[in-house]
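Letters go in sequence order (proteins before strands), and every chain restarts at 1. Basis for what follows: all heavy atoms, side chains included, without hydrogens, waters or symmetry-related copies.
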Number of protein chains: 2
Amino acid sequence: MTTNEPGWDLYRSFLAVMREGSLSAAARALGMTQPSLGRHMRQLETELGVALFARSPQGLAPTENAHELVPHAQAMAAASAALRRVASASNHEIRGVVRLTCSEVVGAEVLPPMLAAFRRQHPGIVIELSLSNQSEDLLRKDADIAVRMLRPAQTALVARRIGGIPLGLHAHRSYLKTYGRPLTVADLQQHALIGFDRETPALRALRSRLPFSREDFALRTDNDLAQLAAIRAGFGIGVCQCPIARRDRELVHLLPDAFALELDTWLVMHEDLRASRRVRLLYDYLVQALGAYVGGQA
Amino acid sequence: MTTNEPGWDLYRSFLAVMREGSLSAAARALGMTQPSLGRHMRQLETELGVALFARSPQGLAPTENAHELVPHAQAMAAASAALRRVASASNHEIRGVVRLTCSEVVGAEVLPPMLAAFRRQHPGIVIELSLSNQSEDLLRKDADIAVRMLRPAQTALVARRIGGIPLGLHAHRSYLKTYGRPLTVADLQQHALIGFDRETPALRALRSRLPFSREDFALRTDNDLAQLAAIRAGFGIGVCQCPIARRDRELVHLLPDAFALELDTWLVMHEDLRASRRVRLLYDYLVQALGAYVGGQA
DNA sequence: CTTCTGCTATACATAAATGCATGACGACGA
DNA sequence: TCGTCGTCATGCATTTATGTATAGCAGAAG
């Protein structure tokens, strides 16, 4: 068996098939046709010398082999995307694409006004904003800049500590008017608490410092935006970033002395990107803007 | 300008053109033809919206833009190669390809007998051995296993300390017979010393502990294999790994008390590969074999 | 049971990429 | 100065890949 090297396009097709779950769906996603992708998969199988799919009328069932290949194909996709971003303009130009990743709360509540202001200064820079609580891989260049809540361990990354975002218990005035205001930690047991559903590793580290556990919650969700929306809707009492609550006159900070945590915040980018003017500009701007946010000016 | 996403095959062609320096050379390397690659490059330029080459009758001159894209294209190539290695056999099979990288001396002098023994045990495993003094990037999966002389900083890498390989001053008996044997460090000044040419960062860290500098050397080369060959040829006195010299009865260890350094040695692999049977087998075998080598049994 | 919708596989016409042959240009050496 | 060797660009025939249309199959819903 003389197994030639497969063309790289086959990997792109393969990744689409794995992601979409069927030849037809992948064809739609890629703007190609189903027979074409079918031929691609067959060719990939013969050239790699490995069975990738079990064919069936209800779709393709990926073999274990196929699953093992996915991370590498994704690495190729990430590199391809990074290449296109770099090619979007010369390094020294204030123009082109910058990809940014952060948590859902930060991306939905904190960054938008900052990015709006940045865009007024640099209208030539296109911003891609990826919200995801499991951080994308900067080393693999899934993004150019990341706002992280943990100090990054890797060398080859430029990391700058922004500060600690204060967290606090908050409720809407309408809720407090109906159910009263808790004056002690013990009072909280009588209230509708909003909290997490499954324990994440990040939470587990904090658990000993939290005055309540999963069983105490009247609304359990791991989506931070849903928690925030529930607080705003007057569902009950929950934790959110103090600077966000401070912008809303209807939200009240409860028991500030009894409950106080800080979210350590870092701005991170890949070392190589220091040479890129547009990435550097956004990075420096975010250092300043997030610094002000943490400090309480924003 | 509506710049479609370029097919990934174009990146493969681009990388070949950048590596080979001309369309024709790249065509030869890829088993394609020059007009085809020419069209690829033109298409890539239009689809990325960036000028990549300045055409001339004596070849293509890459623009600055083109150079910036190379690392990303290389990342794609590395991922593609890693994918093919994974596909070379199922994870649980004792069969397939494993890629190994190490320094030139280790690859040429230390590993070959070990790999020969390993192959007798596992004839189904194909080994790719890449000798390079600037270590390939394990995170980018340029290789599966690396023998390194520095503790790797990255998490996501499995690193195991093998031990310290003792270094010592050595000379061939034929040299000593002619020029005499140095009995003190001061005597060395009268001898033909073999040493480095340009200072590498690794050397600079050691410099304060070395009893000589660049100007003292009668033969200067940064190629460790050439140094070793010069010692064996009776050119003069140089530094080499004691276990290597010990195998050759004609090589004499000089001034063992005055000059003693150790090369810290690590065996490293990517975390993901712990699940791969063949990689794990070679890793475990090398831990044992290199351990014995450092300990002096080999 | 039938119909509808999803999927894959196949046959055939069409569109696209490739290879071949050639031409033009510049560098190098006799 | 001329010939050679290298490069890239272009026109044309051919191979290759793609799209279209169709058939077949399995499951969900009426």
Side-chain angles (χ1 to χ4, degrees), chain A residues 2-48 50-67 69-70 73 76 80, chain B residues 2-48 50-67 69-70 73 76 80:
Chain A
T2 166
T3 67
N4 285 323
E5 174 179 345
W8 290 6
D9 281 339
L10 297 186
Y11 298 134
R12 177 159 83 339
S13 302
F14 168 72
L15 196 56
V17 172
M18 291 296 283
R19 181 165 15 91
E20 305 290 335
S22 78
L23 295 180
S24 312
R28 283 191 294 272
L30 261 57
M32 298 205 272
T33 58
Q34 168 262 319
S36 194
L37 281 175
R39 286 184 286 255
H40 278 185
M41 294 307 98
R42 195 147 12 104
Q43 188 180 348
L44 195 58
E45 285 182 318
T46 62
E47 289 186 347
L48 290 178
V50 174
L52 295 175
F53 300 99
R55 267 79 170 174
S56 81
Q58 57 266 32
L60 299 192
T63 63
E64 191 186 341
N65 291 322
H67 281 113
L69 303 184
V70 169
M76 292 185 73
S80 158
Chain B
T2 165
T3 65
N4 285 325
E5 174 181 344
W8 290 6
D9 281 339
L10 297 185
Y11 298 134
R12 178 159 81 337
S13 301
F14 167 75
L15 195 57
V17 171
M18 291 298 283
R19 182 166 13 94
E20 304 291 335
S22 79
L23 294 180
S24 313
R28 282 190 294 273
L30 260 58
M32 299 206 272
T33 58
Q34 168 264 318
S36 195
L37 281 174
R39 287 185 285 254
H40 278 185
M41 294 306 100
R42 193 144 16 101
Q43 187 181 348
L44 195 58
E45 284 181 316
T46 63
E47 290 186 346
L48 291 177
V50 174
L52 295 175
F53 300 100
R55 267 79 171 176
S56 82
Q58 58 266 30
L60 297 193
T63 63
E64 192 186 339
N65 291 322
H67 281 114
L69 303 185
V70 169
M76 292 184 74
S80 158

With distance as the sole test, does A:T63 use its side chain to make a donor-acceptor pair with the main-chain N or O of A:F53 at under 3.5 Å? no

Quiz item: Does A:R55 reach the side chain of A:L60, with side-chain heavy atoms less than 4.5 Å apart?
Solution: yes

Heavy-atom nearest pair, B:L44 first then B:P6, reads CD1-CB, 3.7 Å

Its contact letters, B for base, S for sugar-phosphate only and - for none at protein heavy atoms under 4.0 Å, make nucleotides 15-29 of chain D read ---BBBB---BS---

Assert: residue with more 5' nearest nucleotide on DNA chain D, out of B:R42 and B:A25, is B:A25

Between CG of B:L44 and P of C:dA17 the distance, given in whole Å, is 14 Å

Rounded to whole Å, the CG-C1' distance (B:N4 to C:dA16) equals 15 Å

Any non-hydrogen side-chain atom of B:L69 less than 4.5 Å from a side-chain atom of B:L48? yes

Rounded to whole Å, CG of B:L30 lies from P of C:dT18 at a distance of 11 Å

From CG of A:L37 across to C1' of C:dA9 the rounded distance in Å is 14 Å

*asked:* Considering every strand and a 4.0 Å limit on heavy-atom distances, what is the contact class for B:S22: base, sugar-phosphate, or nothing?
replied: sugar-phosphate

Just distance, no hydrogens or angles: give the donor-acceptor pairs under 3.5 Å from side chains in residues 7-17 of chain B, sequence neighbours left out.
residue	atom	partner	partner atom	Å
B:W8	NE1	A:S80	OG	3.4
B:W8	NE1	B:E5	OE2	3.3
B:D9	OD1	A:W8	N	2.6
B:D9	OD1	A:D9	N	3.2
B:S13	OG	B:D9	O	3.2
B:S13	OG	B:H40	ND1	2.8

Separation of D:dC8 atom C1' from B:L23 atom CG, nearest Å, is 7 Å

In whole angstroms, the gap separating C1' of C:dA9 from CZ of A:F53 amounts to 16 Å

When rounded to whole Å, the CD to P distance for the pair B:E47 and C:dA17 reads 9 Å

The complete set of side-chain hydrogen bond (donor to acceptor under 3.5 Å, both in side chains) pairs with one or both residues in residues 20-32 of chain A, sequence neighbours excluded, reads none

